[in-house]
Amino acid sequence: MISPVLPSYSRSPLSFERGEGAWLIERDGRRFLDFAAGIAVVSLGHSNPRLVKALTDQAQKLWHTSNLFTVPEQERLAEMLVEHTFADTVFFCNSGTEAGELAVKMARKYRAETGSPERTTILTFEGSFHGRSTTMISAAGSEKLTKGFGPLTPGFRHLPFGDHDALRAAAAEPDVGAIMVEPVQGESGIRPLPDQCLKGLRDLCDEHGLLLIFDEIQCGMGRTGKLFAHEWAGITPDIMMVAKGIGGGYPIGALLATEEVGRVMTPGTHGSTYGGNPLGCAVAAEVMTAMTEEGFLDGVSRKAGHLRQKLEGLVADHPDVFEKVRGSGLMLGLVCKAPNLDVIRAGHAQEIIMAPASDNVVRLLPPLTITEEEITEAVARLDRAASAVEAALAAAE
Ligand SMILES: *Cc1c(COP(=O)(O)O)cnc(C)c1O
């Protein structure tokens, strides 16, 4: 018999009752270190007192009015995002997928309004992930995401990851209007685009008059030690998708754009019932406040450096389990030799939570508020988990 919850996830039986900072407390009382953070969502830790206060203060005032009215919490959050990014204007929605949907609509509308309506095609990359709606799976294009869900949304051309010649040729095609890319690919196994490539993409877009769309849903919001990952390369996009970490666990997404592009979205062209609601915006404004405080992002980089150093040691100590570490900031991937799901299960036995990704990778995405002591403890747990995987490998031989 089918479960009352749609069987579209293969779930662990672990179930958590409470969270405190980087810790998740299981129903049976065990305390797990959370090195997934809900897949880069719980950016400031579980039950962060500042966010709890922002949410409950707002909950006692006003929950919802609709976008037919001015929403002050929304205006405040938009002003903060504009102040700290390339963007001139922001639309709020409820998830990353919704931000991506608007990115595609906006890019095409911009073409329609600026005399090149034939330039509807958007270039995307192999291994990318942009969400689960029909258009977003069409954008990513992998069989894993799209099989059985056709007909797909037309207008995406998928390029091999890292093939500069293919990219150069595709960008010159007359039907192409934009490039959409994750500065650090998440789902495909934490694959950062080198700064040189991001700069090259910007140059290519400028050369051919293309819009550059960054999907910073996973790699943004402080994760790499800058507020947004592309800042490391010293370039800016025209459009950017944001979600996950911006809400710290409250569902909210945002689509940021320059004035030049955003102005085509005139009244009536897009909307959302819940997007930009006072609750989500109050929480996200507190997340933005915390992340832009003096020293916060430097702290992320410092802790990331220590974690990475310790992980290099872990990989060296367990060459049969791990191949290497890759990633940026607190968005790290352990490329495994043993099956990644075995490593994750062994982690559960040692009371540490990690997230799988493609390419046999284990993702480490702790809350950005993780402490040095917690990092040390996590690596000790990982070391025991890796030893258990080694023992199992030896027993199977
Ligand atoms: C999670 C994710 C999405 C989709 O976001 P949802 O909130 O699940 O709709 C899109 N792009 C990237 C890079 C993501 O990591």
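Indexing begins at 1, ligand by ligand and atom by atom, following the structure's order. Values below: every heavy atom of this structure, side chains too, minus hydrogens, waters and symmetry copies. Residues: numbered from 1 along the sequence shown.
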Sidechain N-carboxylate O distance under 4.0 Å for K199, D195: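 Salt bridge absent between K199 and D195.
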Under 4.0 Å from ligand 1, counting heavy atoms only: the protein residues, by chain and number: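 Ligand 1 pocket, heavy atoms under 4.0 Å: S95, G96, T97, F129, H130, G131, E182, D215, I217, Q218, K244.
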Pair listing, ring pair (Phe, Tyr, Trp, His ring centres under 6.0 Å) test, anchored in residues 274-333, at least two apart: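 Residue pairs passing ring pair (Phe, Tyr, Trp, His ring centres under 6.0 Å), neighbours aside: H64-Y274.
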Sequence neighbours excluded, every pair satisfying ring pair (Phe, Tyr, Trp, His ring centres under 6.0 Å) that has a member inside residues 2-28: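 Listed by first then second residue: F16-F32.
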Summary of side-chain hydrogen bond (donor to acceptor under 3.5 Å, both in side chains) pairs that have at least one residue in residues 332-346, sequence neighbours excluded: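 Checked against side-chain hydrogen bond (donor to acceptor under 3.5 Å, both in side chains) - neighbours excluded - the pairs reaching residues 332-346 are D342-R345.
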Flag for R191-Q185: side-chain donor and acceptor within less than 3.5 Å: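 Per modelled atom types, Q185 and R191 side chains form a pair under 3.5 Å.
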Residue pair E286 / T289, side-chain donor-acceptor N/O under 3.5 Å: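 Not at all, the side chains of E286 and T289 share no donor-acceptor pair under 3.5 Å.
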